[in-house]
Amino acid sequence: MDSVIRTRTPEVLSEGVRDQYADGIAAEAWDTIVGDIKQRTQVYKDFVVGLLREKGCKRILDVACGTGIDSIMLIEEGFQLVSVDASDKMLKHAFNGRWDRRKEPGFDDWVIKEANWFTLTKDIGHLIGDGFDAVICLGNSFAHINDTYGDQREQKQILKNFEMCLKPGGFLLIDHRNFDAILDGGVAPARCIYYNSSCVKDIKTFIPSVSGVPRMIIFDYFLSLDENNEDLKNRHKFRLSYYPHRLNFFKDMLREIFSQKTHKIFGDFKPLNEVKDPVFFIHYIEKK
Ligand code: SAH
């Protein structure tokens, strides 16, 4: 009997559907990896909140809420949040955060739901209404999606799903690591505006290639919860894998899906010409 499965469906093949956070190790350590949350969110606050206020936004969809760090920061600033993620281990922390602060303004209205980007409009269809003022997808989340067929159809489908959640004139804010620098230089910096923790001792980077073409970037995170890194039981390790896309490639894909000729790109939340070698790129693109 032929035991080889020849039918290839995105559901079977896409790493993006497999929950890399399912063992709960990254989820447990997330706040530690991030480091000083206030320091991290201060960067967001100045940039994201400024942008959301300037555009008169009220309802925001956080499509990669994880443990809820960005969503909580925005609720504290008075925005209405719908927050989704595919990982129930990550979401557990967001649910706990909502419960702990349920008596504070905004937290009792905070909608948190398990949803996958592949089926987003179905999963949260009843919540979309006339569309969100903004969709945010931050923390290098989108790069979890594999280009299974080599024609970006899955990435494009997901970006289309994000676009469908927006009202006309609404915008998507989406980021990714500077994969150009990682692919060309072979390492990812362990500390940056997103991750400022001294507990992250190292990120080992592996770049498996097929026929010389890099197909994946694997980060092994090494954490230590004690200062001297001596107590073995305080050492943690987990792995996250990403599908690297170069800036120009991602730029073209975004513009195609949003039918725009231009959009704004920032490096580490600053205009591109003000930062040399940013660790993260952040894209701002509007729905027509
Ligand atoms: N934005 C948060 C979390 C980043 S971690 C922060 O910066 O702290 C990346 C998140 O993307 C994970 O929680 C993961 O579960 C989520 N994710 C990855 N693929 C997904 C998919 N296909 N659908 C929904 N969420 C996904």
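Just so you know, residue 1 is the first one in the sequence shown, and it goes up from there. When reading the values below, keep in mind they use all heavy atoms of this one structure, side chains included, and skip hydrogens, waters and symmetry mates. Atoms within a ligand are numbered from 1 in the order they appear, just like the ligands themselves.
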Please confirm whether Leu138 comes within less than 3.5 Å of ligand 1 when only nitrogen or oxygen atoms on both sides are compared. yes

For ligand 1 and Ala86, I'd like to know whether there is a polar contact (N/O to N/O, distance under 3.5 Å). yes

Find out whether the Lys NZ or Arg CZ of Arg98 is both under 6.0 angstrom from the six-membered ring centre of Phe107 and within 45° of the ring's axis.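 Output no; distance or angle outside limits.
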
Counting from 1, what ligand 1 atoms have a heavy atom of [X] closer than 4.0 Å?
{"X": "Ala115", "result": "23 (N), 24 (C)"}
{"X": "Asp70", "result": "1 (N)"}
{"X": "His144", "result": "18 (C)"}
{"X": "Ser87", "result": "15 (O)"}

Let me know which of Leu159, Ile285, Val63 forms a side chain to side chain contact (heavy atoms under 4.5 Å, CB included) with Ile174. Leu159

Can you tell me how the ring of Phe219 sits relative to the ring of Tyr242, calling it parallel under 30°, perpendicular over 60° and tilted otherwise? tilted

Test item, Ala26 contacting ligand 1 (heavy atom, 4.0 angstrom):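 Ala26: no contact with ligand 1 (<4.0 Å).
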
In sequence, state the C-alpha distance, the side-chain angles, and the governing distance for Val49 and Leu74, and then conclude on side chain to side chain contact (heavy atoms under 4.5 Å, CB included). CA-CA 7 Å; Val49 172; Leu74 292 176; 3.9 Å; yes

I'd like the name of whichever of Gly139, Ala64, Ala27 reaches closest to atom 2 (C) of ligand 1 through any heavy atom. Ala64

Between the candidates Phe142, Trp117, Trp30, which shows the shortest non-hydrogen contact distance to atom 18 (C) of ligand 1? Trp117

Qualifying residues under side chain to side chain donor-acceptor pair (under 3.5 Å), relative to Lys251, sequence neighbours excluded: Asn248

Which residues share a side chain to side chain donor-acceptor pair (under 3.5 Å) with His93, sequence neighbours left out: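 Result, side chain to side chain donor-acceptor pair (under 3.5 Å) vs His93: none returned.
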
Region of Asn116 that comes within reach of ligand 1 [heavy atoms, distance under 4.0 Å]: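 Contact part for Asn116 vs ligand 1: both backbone and side chain.
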
Can you tell which of Phe250, Phe142, Phe266 makes a ring pair (Phe, Tyr, Trp, His ring centres under 6.0 Å) with His176?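 Only match with His176 under ring pair (Phe, Tyr, Trp, His ring centres under 6.0 Å): Phe250.
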
